[in-house]
Amino acid sequence: MPLALLALAVGAFGIGTTEFVMMGLLPDVAGDLDISIPSAGHLVSAYALGVVIGAPLLAAVTARMSRRTVLIGLMVLFVVGNALSAFAPDHHWLLAARFLSGLPHGAFFGVGAVVATGMVTPERKARSVSLMFLGLTVANVAGVPVATLVGQHLGWRATFLGVSVIGLAAIASLALLIPHDHTHAATSGLRGELAALKSVPVWLALGTTVAGFGALFAAYSYITPMLTGSAGYAGTSVTLLLALFGVGATIGNLLGGRLADHAMRATLFGGLASLVVVLAAFPVLMSAQWSAALAVVLLGTAAFVTGSPLQLMVMEKASAAPSLASSANQAAFNLANAGGAWIGGLALAAGFGTTSPATAGAALAVLGLAVAATAYAVDRRNTGVTHERLVASHVPRPAEAAHH
C-alpha cells in the first residue's frame, strides 16, 4: 500500500477528532460561555450541517482542480475553522466556526477516497479506502478521549488548538506524500457533475448509507444511558467503553476493506445482516456488564464493515463524477447521524425502555438491507438489458444474412 495513504489517514484522524470531541466537551463549553446544555448541543448540529452542505458543494466546485491541491486546500479550511473555534468570543461565533470546520469534512473523505483508489490496483481499492478511514476510527479510540481530557484539564479552547496542530501535520503530510496530479474532471463542468447524481443506482446506494448508518446512530447516540441504566456501569466508565466502540469500528473497517475487495456486495449484505442481529440482541446483551462491553465492540465492528463497500459502490455507480458522489456519501452519513439519533430518541420518549433505541436501529438496519436488495435487483435488471442490447447489436439484418 502506498505511503501516501498515511497522509490521508492523518487528515481523517484530525477530522474524526474534531467531529466527535464536542460531545464530551458540551458541559465545559456551556459553562464557559454561560449557555444551556441544549444550546451547546446546537454546536454538534452546526458541524453536521456544514458537512451536509459542504460535501457535495465543495466537491462540485473544485472538480476541475488537481485533487492534491483540493485536499491541501480543504485541510487549510479545516485548520482555520478549528483555530477560529478556539478563539471564538461567544456562542454565536463558535456556532459559525463549527459550521466552517464541518464544510471540508465530506469533500476531504470524498476526494480522498478517489485519490486512494487511484493509487492502487483494482483488487486493493476497498482496502485503500479502509486505510484512509482508519484515521477516523482510531480517532474514536485515542483522539477523542485524549482531546476530551485535554479540554477538561486545560480548557476546551486548548482542544481546538490541538486539533488545529493535527491539521497542520496533515497539510505537511499531504504536500510531502500525495503525488502531483492534473484535473481528472469531466469536461462537461458542474452541470455534468450534477447530472451523474441523477442515476437511480446512485440514490439507492446513498439510501443504503442513510438507513444502515442511521441504524448505528439510533443506538450509539443513546449508548451512555444504556450502559449506566441497563448494564449498571458508573458514568466514569463510559469514556473507556466508548473507546471499545472505536476498537470495534477499527476492526470492522479493516475487515470490511479486505472482504470487499473479494466480494463487495456480499460484504455489504453480511455487514447489514450482522448489524440487525447485534442491535436486536441489545436488550439481552445490556443485562450484564461483560456482555454490554461486548455489545459495544460488536456494534462498532458490524457497522463499519459496511463503510468501504458503500463508499466504493457509490463511486462506481457515478463513475462520471466519483469525487462528487463519494462526497455526497459523506453527506448521507451525517444525515444518518441526525436521522438515526432522532428516531432512537422517539423510541426512548415513547417509553419503550432504555434499550429501545437499539431495537429501532435494528428496524433501520432491516430497511437498509431492503434498499441494498433493491439496488442489487436494479443492477441485475440493468445488466440484463445491457446484455440484450449487446446481443441485438450483433444480430445480422436480413440483407446481411442473405449476403453471407
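Values in this document were obtained by computation on a predicted structure and should not be read as measured data.
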>> Checking Y233 against T224 for the side-chain contact (heavy atoms from CB on, under 4.5 Å) test, could you report, in this order, the C-alpha distance in whole Å, the side-chain angles of both residues, the deciding distance, and whether it holds?
In response: CA-CA 9 Å; Y233 277 104; T224 297; over 6 Å; no
Which atoms form the tightest heavy-atom contact between [X] and [Y], and what is the distance?
| X | Y | result |
| --- | --- | --- |
| L95 | H42 | CD2-O, 3.6 Å |
| A7 | L174 | CB-N, 3.8 Å |
| T209 | F333 | CG2-N, 3.9 Å |
| A295 | V278 | O-CG1, 4.4 Å |
| P56 | S327 | N-CB, 4.4 Å |
| L241 | V296 | O-CG1, 3.3 Å |

Measuring from atom [atom1] of [X] to atom [atom2] of [Y], what distance do you get when rounded to the nearest 0.5 angstrom?
| X | Y | atom1 | atom2 | value |
| --- | --- | --- | --- | --- |
| L5 | S173 | CG | OG | 12.5 Å |
| Q330 | Q311 | CD | CD | 5.0 Å |
| L369 | L272 | CG | CG | 4.5 Å |
| L103 | I53 | CG | CD1 | 7.5 Å |
| H92 | I35 | NE2 | CD1 | 9.0 Å |
| I171 | L176 | CD1 | CG | 13.5 Å |

Using modelled atom types and a 3.5 Å cut-off, is there a donor and acceptor pairing between side-chain atoms of [X] and backbone atoms of [Y]?
| X | Y | result |
| --- | --- | --- |
| S291 | L285 | yes |
| T69 | M65 | no |
| T148 | V144 | yes |
| N329 | V314 | no |
| N253 | A249 | no |
| Y222 | G345 | yes |
| R68 | A175 | yes |
| N337 | A48 | no |
| S221 | A218 | no |

Is there a side-chain contact between [X] and [Y], using heavy atoms and a 4.5 Å cut-off?
| X | Y | result |
| --- | --- | --- |
| E123 | H262 | no |
| M75 | I166 | no |
| S85 | S101 | yes |
| M226 | P357 | yes |
| V111 | S326 | no |
| L364 | L279 | no |
| F304 | L254 | no |
| I178 | R67 | no |

Return yes when atom [atom1] of [X] has more than 12 non-hydrogen atoms of other residues, nucleotides or ligands closer than 6.0 Å, and no otherwise.
| X | atom1 | answer |
| --- | --- | --- |
| D34 | CG | no |
| H153 | NE2 | no |
| R258 | CZ | no |
| Y376 | OH | no |

> In terms of ring plane angle, is the pair F217 and Y220 parallel, tilted or perpendicular, where the classes change at 30° and 60°?
Replying inline: perpendicular
> When the ring planes of F160 and W156 are compared, do they come out parallel, tilted or perpendicular, using 30° and 60° as the limits?
Replying inline: perpendicular
> Hey, mind stepping through H105 and Y47 against ring-ring contact (aromatic ring centres under 6.0 Å, His included) and telling me if it holds?
Replying inline: CA-CA 9 Å; H105 175 130; Y47 183 92; 5.8 Å; yes
> Cut-off 3.5 Å, side chains only: do R98 and T18 have a donor facing an acceptor?
Replying inline: yes
> Passes side-chain contact (heavy atoms from CB on, under 4.5 Å), T117 versus R124? Steps please.
Replying inline: CA-CA 8 Å; T117 55; R124 290 178 176 265; over 6 Å; no
> Yes or no on side-chain contact (heavy atoms from CB on, under 4.5 Å) for V141 and T137, after CA distance, side-chain angles and deciding distance?
Replying inline: CA-CA 7 Å; V141 181; T137 58; 5.9 Å; no
>> Pair V200, K317 - check side-chain contact (heavy atoms from CB on, under 4.5 Å), show working.
In response: CA-CA 9 Å; V200 171; K317 300 309 176 188; over 6 Å; no
